[in-house]
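Just so we're on the same page: letters track the sequence lines, and every chain starts at 1. Reckoned from all heavy atoms, side chains included, excluding hydrogens, waters and symmetry mates. Nothing here was measured: the structure is a model prediction, and the numbers come from that model.
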Amino acid sequence: MHNGFFKLPSPFPPPRLLYHAAHMVVDFGLRLLSCATLRLARPLHALLLVSGRFDNVFLSTKLLNLYSRLGDLPSAALTFRHAPTKSVITWNSMIACYVHHGLLPDALTCFHRFLLTSSARPDPFTFPVTIKACWDLDWGKRIHSLAFRFGFVWNVFVSASLVHMYSRLGSIDDARKAFEEMPYKDQGSWNAMLSGLCQNGKAAEAAEVFKEMMILGLPMDKVTVSSVLPVCAPLDNLLLGAAIHVYCIKHGLDSDLFVSNAFIDMYAKSGRLEEAQKVFDGMADMDLVTWNSIISGYEQAGEVSSALKLFDGMKESGVRPDRLTIVSLASAVAQCGDDRTGRTVHGYILRRGWDSRDIFVGNAIVDMYGKLSKAEAAREVFDRMPVKDVITWNTLITSYSQNGLANEAIEMYESMQSRGGIAPIQGTLASVLPACAHVGALQQGMKIHGRAVRTGLQSDVFVATCLIDMYAKCGRPEEATHLFEQVPRRHTGPWNAIIAGLGVHGHGQRAVSLFSEMQEEGVKPDQVTFVSLLSACSHAGLVDHGRRCFEQMQTVHGLSPCGKHYACMVDLLGRAGRLDAAYELIATMPVKPDSGVWGALLGACRIHGNVELGKLASSHLFEIDAENVGYYVLLSNMYAKAGEWDGVDEVRSLARHRRLQKTPGWSSVEVNKKVTVFFTGGQSHPRYEEIQGELRALLAKMKSIGYVPDYSFVLQDVEEDEKEHILSSHSERLAIAFGIMSTSPGTPIRIYKNLRVCGDCHNATKFISKITAREIVVRDSNRFHHFRDGECSCGDYW
DNA sequence: TTAGGGTTAG
């Protein structure tokens with residue numbers, strides 16, 4: 001900025017002014033006003049002191065304001081302290097300076113001292129700034145009554161500040177009262193009320209106030225517009241937003257930065273990204289909010305690459321990203337998976353560092369690592385955060401839960417309450433219950449159910465859905481049904497959960513009749529409902545019914561089937577041995593078949609030993625998803641069953657060549673609320689020898705009543721006794737033996753196996769259930785098997 | 001010489 005002071009041609013000070021005191025003061029005043037940097041302010045300060053003009057209250061106050069404007073709080077405070085006389089304006093300026101620098105307690109102390117020590121009285125200017133400094137309701141009310149006592153509440157600036165202060169502190173009723181008591185309302189008063197309502201989430205009331213304003217014929221200014229626009233998206237009232245847009249263009253408000261930012265935000269939140277982009281493209285200058293709004297808009301819409309590209313644009317434009325940018329970026333990276341772009345941004349976040357005290361940023365980064373399947377990194381960030389809130393805990397629990405670390409998730413749930421002293425909320429239960437469901441931790445799940453009942457959360461539809469799912473997946477379909485009967489049924493969630501739950505237990509008929517009930521009660525089925533329903537039909541072998549459902553889904557319910565539905569249908573037809581029909585369905589698919597569809601066909605080919613079609617399915621699978629080792633295992637199993645050992649070798653070397661490793665099989669069993677995991681062939685358990693002894697004893701008894709090991713499930717070409725050993729070290733058998741050893745006779749045993757249970761283990765478990773007179777429930781990656789008295793509920797159809 | 005009310009969040 002131009003500064004006249006140092007451009008004077010003659011040596012300072014010009015003699016003419018030196019002898020003219022009044023001119024001198026005015027001249028100093030003007031120079032102080034136009035002074036742009038601290039470097040220029042300091043000599044001026046010195047000159048004021050030397051020339052004795054600092055005693056002039058007008059000039060010392062101006063100097064104080066200059067320091068405040070330039071951001072030098074210590075110098076401003078010093079100037080204030082040394083000023084020999086202080087007018088009400090000096091005090092007002094000092095209070096404003098503290099507020100400007102965010103030192104609210106100091107501002108209030110200053111105000112207090114003003115009242116106690118100064119002979120000057122506050123004026124109407126004192127109050128707006130003091131009201132701004134109130135950080136809690138007590139102070140606010142105290143200052144309010146003082147303003148009243150001084151007779152200033154009728155000043156429109158003071159009362160508008162009160163309205164704003166009360167809404168800022170969440171006391172919207174007080175705000176409304178202050179607003180209604182105003183004898184005269186100017187534009188600013190209406191704006192204060194409007195923004196107050198908006199920020200307290202009272203969108204409908206804000207719309208009412210806005211309508212009132214329109215009826216009174218009050219014009220909108222840029223502040224009105226920026227206050228009203230944020231409620232258009234939550235009210236789902238894009239029409240209002242568009243009308244305001246037209247108004248702004250007509251009245252020339254659309255070139256304002258704040259207004260444009262608010263439009264970008266509104267359009268982005270209503271899912272109208274093209275409109276947001278149009279506003280963005282038309283902007284002459286942009287600030288941090290502009291970039292944050294458009295980036296978060298694309299991120300929320302899942303258009304990650306656009307969001308990341310815009311982030312590059314932001315860096316190029318020289319605008320420094322802030323915590324909000326980081327939050328959006330972290331979510332974008334989380335969505336895009338671990339590709340190269342993701343890594344670049346991730347690196348940027350790491351390099352730039354972040355404040356671990358910032359809960360928002362910390363939570364976003366924990367979430368990001370969780371979604372990138374880096375639970376350990378998520379934990380590290382979590383541990384580094386000195387302050388955690390309930391969302392931080394929920395995020396970490398979800399991250400464990402979704403990465404298969406169910407025990408860790410349950411542990412965190414426990415220590416959240418014991419160590420963190422934080423009570424679980426809806427989201428907590430919704431993240432820990434799927435973990436219980438995943439490993440079959442029934443006792444833990446029941447404990448959480450108890451907590452939900454005590455806190456009233458069990459009637460929450462999300463929690464109830466998770467509970468139904470948990471009971472079903474922990475082998476308690478009756479319990480799940482019982483719970484389902486108690487929850488509100490307006491939402492599809494509980495219906496989908498119970499239909500799927502009955503489906504995996506092979507209760508296809510019950511699932512189908514529940515589906516009819518659902519329609520009778522007027523609940524609209526969605527895509528998920530049909531996935532649950534079709535898979536229920538598939539597990540129960542209800543081929544014709546499944547086909548009808550698939551048709552009705554399109555004709556009656558107007559839902560177009562996605563990959564998952566086709567996969568269910570292929571599974572349904574394939575299991576029933578109708579491989580040709582399954583293949584024909586794939587051939588007529590309007591969309592490209594995904595790996596789920598071909599995987600279902602391959603699985604069916606394995607069951608029915610159709611090597612040729614299996615080869616065809618695998619060739620597609622290796623093209624689509626070459627990294628998934630499961631398909632190589634399926635194909636090699638198929639060859640092994642057919643005795644084609646050359647084929648086995650070929651598939652194995654292919655997998656080796658692609659550096660794929662077989663997913664280790666594991667099974668878990670819950671004993672005394674503790675889940676123990678066994679890996680196939682694993683010998684690390686402290687009671688391994690005992691377990692082997694138990695298994696040997698069982699094997700002898702089993703053989704005596706007719707058990708014959710089926711070596712076709714041993715996929716290695718080895719000697720017979722070696723084969724027997726391989727079969728008896730399958731993880732499900734270790735878990736079953738451990739369960740029998742560690743529980744009292746008659747206790748049901750519940751096993752979870754991460755892969756599909758092997759055919760020989762299935763047969764062996766039937767014998768074990770007979771010998772030990774135990775109910776054994778095995779849940780594998782596909783369905784449930786209830787073994788009782790030598791029989792299995794699936795009727796060997798799986 | 002000093003004043004109120006505006007956009008983005010896990």
Side-chain angles (χ1 to χ4, degrees), chain A residues 25-26 28-30 32-33 56-66 68-69 87-97 99 122-132 152 155-165 167-168 179 182 185-196 198-199 220-230 253 256-266 268-269 287-297 299-300 322-328 330-331 334 358-368 389-392 394-395 398 427:
Chain A
V25 171
V26 171
F28 260 120
L30 286 174
L32 286 165
L33 250 183
N56 182 300
V57 66
F58 170 78
L59 289 179
S60 57
T61 306
K62 259 211 138 356
L63 184 68
L64 158 58
N65 278 313
L66 172 66
S68 172
R69 179 159 52 89
S87 70
V88 59
I89 297 174
T90 322
W91 285 99
N92 291 349
S93 303
M94 195 59 231
I95 299 170
C97 178
V99 172
D123 68 357
F125 286 85
T126 315
F127 281 93
V129 70
T130 309
I131 291 166
K132 210 176 177 181
F152 294 139
N155 177 301
V156 71
F157 283 101
V158 174
S159 45
S161 303
L162 284 170
V163 171
H164 179 245
M165 181 266 296
S167 12
R168 178 166 49 87
F179 179 70
M182 287 170 81
K185 300 178 180 96
D186 70 352
Q187 184 93 45
S189 325
W190 286 94
N191 292 343
M193 192 67 246
L194 263 180
S195 70
C198 296
Q199 282 171 4
M220 289 189 274
D221 67 358
K222 53 189 186 171
V223 179
T224 325
V225 171
S226 326
S227 304
V228 173
L229 286 181
L253 297 174
D256 181 76
L257 180 63
F258 268 80
V259 170
S260 307
N261 287 348
F263 274 121
I264 291 181
D265 179 55
M266 177 199 72
K269 285 209 180 114
D287 68 352
L288 180 64
V289 177
T290 321
W291 288 103
N292 282 353
S293 304
I294 192 99
I295 290 175
S296 102
E299 178 265 308
Q300 302 266 318
D322 73 342
R323 50 210 289 270
L324 254 70
T325 327
I326 301 291
V327 168
S328 289
S331 316
D358 192 321
I359 286 198
F360 263 98
V361 176
N363 291 351
I365 295 181
V366 171
D367 185 51
M368 176 187 81
D389 65 3
V390 66
I391 305 289
T392 322
N394 288 359
T395 312
T398 308

Check your understanding: Which letter, B, S or -, goes with each nucleotide of nucleotides 4-10 of chain B from 5' to 3', with contact meaning a protein heavy atom under 4.0 Å?
Key -> BBBBBBB
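Annotation: side chain to side chain donor-acceptor pair (under 3.5 Å) contacts of A/Asp358 (sequence neighbours excluded): A/Arg323. Take A/Phe152 and apply the ring-ring contact (aromatic ring centres under 6.0 Å, His included) test, not counting sequence neighbours, and it matches A/Phe127. Residues passing the side chain to side chain donor-acceptor pair (under 3.5 Å) test with A/Asp322, sequence neighbours excluded: A/Asn292, A/Thr325. Partners of A/Trp190 according to the ring-ring contact (aromatic ring centres under 6.0 Å, His included) rule, which considers only residues two or more places apart in sequence or in another chain, are A/Phe179.
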Please list, one pair per line, the donor and acceptor atoms closer than 3.5 Å that link side chains of residues 157-164 of chain A to other protein atoms, with sequence neighbours excluded.
from, atom 1, to, atom 2, distance (Å)
A/Ser159, OG, A/Asn155, O, 3.0
A/Ser159, OG, A/Val156, O, 3.3
A/Ser161, OG, A/Phe157, O, 2.7

